[in-house]
Amino acid sequence: MFAEVIVDVAAKQTDKTFEYKIPSELKNVAVGSRVVVPFGRRKVQGFVVDIHAEANYQGELKELSLVLDDQIPLIPELVKLSEVLARKLFTYRISILQAMLPSMLKAGYKKNIVPLTDSARALPIFNGKVIDAATVRSNADILLINKLLATKAAKIDYVVKNKASHKKDVIYSISNSKKDYLEILANLRTNAFKQKILLNDIIENYESYPKRQQELANLGIKSDVLRNAVNNNWLQKQEVDVYRDPTAADMIHASKVVQLNAEQQAALDQINQQIVRKNAKTFLLEGITGSGKTEVYLHAIAECLKNNKSALMLVPEIALTPQMVNQVKSRFGKDVAVLHSALSEGEKYDEWCRIRNQETHVVVGARSAIFAPLTNIGLIIIDEEHEASYKQDNTPRYHARDVAILRSEYNHCPLVLGSATPSLYSRARAQKGVYQLLRLNNRANNKELPKVQIIDLKKAMFAGTQFDISVDMLNVIKKTIAKKEQVILLLNRRGFSNFMLCRECGYVLQCPNCDISLNYHKDINQMKCHYCGYEINKPYVCPKCHSKHIIFLGSGTQKIQEELINMIPNVRILRMDIDTTRKKGSYQKILSAFGQGQADILLGTQMIAKGLDFPNVTLVCVVNADIGLAVSNYNASEKTFDLLTQVAGRAGRADKEGLVLIQTYNPDHYAIKLASVQDYEQFYQSEMRYRYIGNYPPFYFTTLVSIVSHNEPLAAKQAFLVKRLLTKKLSQATIVLGPTPSAIGKINNQYFYQILVKYKKEPYLAETLSYIQNYAQDIAKNDINVYIDQEPENIM
DNA sequence: AGCACGCCGACT
DNA sequence: GTCGGCGTGCTC
Ligand SMILES: [Zn+2]
Ligand SMILES: [Zn+2]
């Protein structure tokens with residue numbers, strides 16, 4: 001038998017299958033197996049994507065070296081999907097396969113240098129042992145090793161390291177009868193206290209064996225006693241795999257099923273019908289904040305399980321809170337797996353294994369969970385489908401929604417896209433009938449909508465010395481805190497955080513590799529580049545003029561925090577932005593501290609718009625609703641509307657009236673006006689008009705072509721050639737914009753030139769783009785790369 | 001991506 | 001004569 005293998009070498013030239021002979025001693029080789037194969041001089045990891053009886057390749061065939069897992073990691077659906085996605089996204093198939101699997105299944109590579117002769121072994125560098133090639137650093141050593149290799153006194157061993165391992169627990173089981181143990185106990189020496197404890201436990205808790213080593217240790221039985229017990233055949237020692245379960249300790253109470261209202265029930269009926277009929281239909285569930293979308297999801301999942309099918313639910317990373325997870329687990333218990341970036345690598349791998357071994361049938365997770373190895377899927381849900389985080393912002397640049405559609409087609413199951421503020425893309429598709437629109441117009445528990453007040457900053461008086469918080473806003477904040485109620489304060493700004501400025505010469509500390517300033521990271525006391533990862537120690541004098549008068553400009557939230565502390569005596573503030581949430585789990589920590597009333601104000605960037613509902617929050621303040629609008633991105637209005645609608649939903653509960661204050665310089669802008677009355681449908685109408693006039697999505701599809709080189713003139717020249725090619729090959733109606741140099745000049749010493757293609761129908765686009773990628777490879781050989789991003793999030 | 005091979009200039 | 005720099009080509 002012969003296997004077609006995709007090798008773990010991400011390059012254009014190796015982006016194809018390589019054929020290998022399957023040696024008869026390798027059992028369990030199947031489509032989807034993770035294997036080690038010889039590849040040229042070295043060994044690499046690979047994935048079997050096809051198996052056939054006859055050899056296709058004309059030349060000499062090598063054999064597969066090794067199969068790496070007991071359970072075949074890739075299900076056939078994903079093997080097939082990887083091919084489709086690689087083609088659609090213009091990336092290497094191996095990159096897609098890696099993205100589909102937990103990072104634990106990524107190979108590590110090592111080169112060992114093995115001495116072959118006695119004289120070589122005797123050299124101090126070997127000291128009789130094999131050494132790692134990476135440890136050979138000095139010129140003298142490199143020279144020596146090269147000599148040895150040339151004279152065959154040493155050789156290089158290429159090793160593929162498999163990280164995947166299960167946590168092992170040691171358990172002790174019993175094989176004698178209770179009577180036997182009583183006899184053993186009777187014959188023990190009088191001073192064998194620990195052995196007596198052990199035997200008494202065996203006799204008293206006979207049924208609860210086998211026991212884990214830890215449990216026995218808790219009784220005071222140490223390993224020496226256990227070793228003795230094993231030697232005497234009282235106990236048998238075994239190693240078993242256990243799953244690292246981060247939530248094992250949490251007691252989750254079964255919750256009772258909530259009765260749906262008529263509107264929810266009607267939506268559910270539509271979804272259930274398609275689950276039963278096994279129809280790959282896409283629904284857009286448009287439900288205002290508080291309309292109970294989650295309940296509909298949970299009911300649909302229950303229907304799915306009832307039909308012996310599994311269900312996949314995606315939630316934005318930031319909304320994947322313990323509360324959210326518990327809500328699902330309380331309904332479906334152990335049948336739920338959670339794939340979450342806050343888990344450790346091992347925990348992620350174990351959750352993934354539980355899914356792969358079909359031990360759970362409900363998967364909840366963020367973007368990458370769309371590749372969960374679930375079989376027999378009966379329903380896919382994407383909650384808050386408008387969230388930009390569903391699009392991965394590095395290669396492979398897939399959108400979870402697009403992948404979901406492919407998986408729903410493969411599994412013949414419905415897909416539910418849910419949102420209070422659907423993306424215009426999805427809403428427009430629902431309009432055209434491509435998706436079926438389901439609407440929830442009522443708040444499920446009849447909560448009042450909060451009152452929204454817009455503060456016109458053109459006329460407002462500012463409190464304090466900074467021009468950010470108006471007197472009106474400050475007064476309401478003070479009043480709310482005085483009533484012992486809580487406030488959420490949102491700064492609508494991407495985290496421009498701490499950079500170094502010299503007060504003497506005005507120098508801003510920049511990354512040497514990128515045209516962008518370095519950020520100060522308090523936790524590691526270093527300056528770091530967000531684009532290339534470059535790091536240096538925090539300077540104490542200006543690197544340019546050596547003046548000591550350097551300052552580290554705080555983030556916007558930090559400034560406001562300081563101001564509020566000045567203006568409101570004894571105020572307690574929790575700040576939440578990229579600076580305070582960099583550490584794992586800190587995001588949750590801040591939220592729960594605020595929930596427990598440890599602060600009066602939760603101050604933060606966009607990330608506070610999601611997550612928990614705080615019953616004691618009666619005031620939500622948006623400091624600046626305009627920053628989002630000012631960004632010259634075609635979807636700035638949509639993003640602002642989404643954000644405002646979402647935060648407005650945070651204020652007020654059934655018993656206390658909520659108030660939302662929005663400060664803006666554009667009080668008449670439709671995004672702000674309509675968000676204040678939570679009128680999504682009207683916003684949709686207005687925004688569609690704007691998009692139509694501007695030739696923007698969803699009236700056009702977009703593709704961003706980036707031409708990248710270390711050599712700026714080369715990048716520019718090639719970009720113009722690409723543009724000419726595109727204009728020539730694509731149809732008249734298609735708009736080709738650019739090339740323009742990217743906003744940040746260079747990133748990691750590479751220059752980016754971008755071309756935007758807008759099209760309605762372009763049958764030759766894929767062909768043309770792949771032609772361009774090949775052409776770039778041929779013409780400029782080394783230093784030109786062409787990256788393609790379908791439906792980019794940020795365009796001009 | 002690595003890794004080797006080969007060609008050429010520079011240096012014992 | 002040999003070391004090492006880089007351009008070129010291949011990996012089943
Ligand atoms: Zn200076
Ligand atoms: Zn950088």
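Letters A, B, ... are given to chains in the order of the sequence lines, protein chains preceding strands, and every chain is numbered from 1.
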For this session: Classify the ring geometry between A/Phe39 and A/Phe18 as parallel (under 30°), tilted (30 to 60°) or perpendicular (over 60°).
Result: perpendicular
Exercise. Which residue lies toward the 5' end of DNA chain B, A/Ala10 or A/Ile156, if each is placed at its nearest nucleotide?
Worked result: A/Ala10
For this session: Using a heavy-atom cut-off of under 4.0 Å over every strand shown, decide if A/Tyr92 touches base, sugar-phosphate, or nothing.
Result: nothing
Nucleotide N/O to protein N/O under 3.5 Å, stretch nucleotides 10-12 of chain C:
from   : atom 1 : to      : atom 2 : distance (Å)
C/dC10 : N4     : A/Gln13 : OE1    : 3.1
C/dT11 : O3'    : A/Gly40 : N      : 3.0
C/dT11 : O4     : A/Gln13 : OE1    : 3.3
C/dC12 : OP1    : A/Tyr20 : OH     : 3.3
C/dC12 : OP1    : A/Pro38 : O      : 3.1
C/dC12 : OP2    : A/Gly40 : N      : 3.4
C/dC12 : OP2    : A/Lys62 : NZ     : 2.3
C/dC12 : O3'    : A/Glu19 : O      : 2.5
C/dC12 : O3'    : A/Lys62 : N      : 2.9
C/dC12 : O2     : A/Glu19 : N      : 2.8
C/dC12 : N4     : A/Lys16 : NZ     : 3.1

Problem set entry | Exam field: side chain A/Asp515 to backbone A/Lys746, donor-acceptor pair closer than 3.5 Å | yes
Exercise. Counting distance only, does the side-chain N/O of A/Lys27 pair as donor-acceptor with the main-chain N or O of A/Ser24 below 3.5 Å?
Worked result: yes
Exercise. B/dA1 P sits how many Å from A/Tyr158 OH, rounded?
Worked result: 17 Å
Problem set entry | Distance, rounded to the nearest Å, where A/Asn146 contributes CG and B/dC5 contributes P | 13 Å
Exercise. Among B/dC3, B/dA1, C/dG4, which nucleotide sits nearest the side chain of A/Leu143?
Worked result: C/dG4
Exercise. Aromatic rings A/His399 and A/Tyr390: how do their planes relate, parallel, tilted or perpendicular, breaks at 30° and 60°?
Worked result: tilted
Problem set entry | A/Arg244/A/Glu347 salt bridge by N-O under 4.0 Å criterion | no
Problem set entry | Between P of B/dA1 and CG of A/Asn785, the distance in whole Å | 7 Å
Exercise. Is the charged tip of A/Lys729 near the ring of A/Tyr771: under 6.0 Å from the six-membered ring centre and within 45° of its axis?
Worked result: yes
Exercise. Using a cut-off of less than 4.0 Å, is there contact between a side-chain N or O of A/Lys111 and OP1 or OP2 of B/dC3?
Worked result: yes
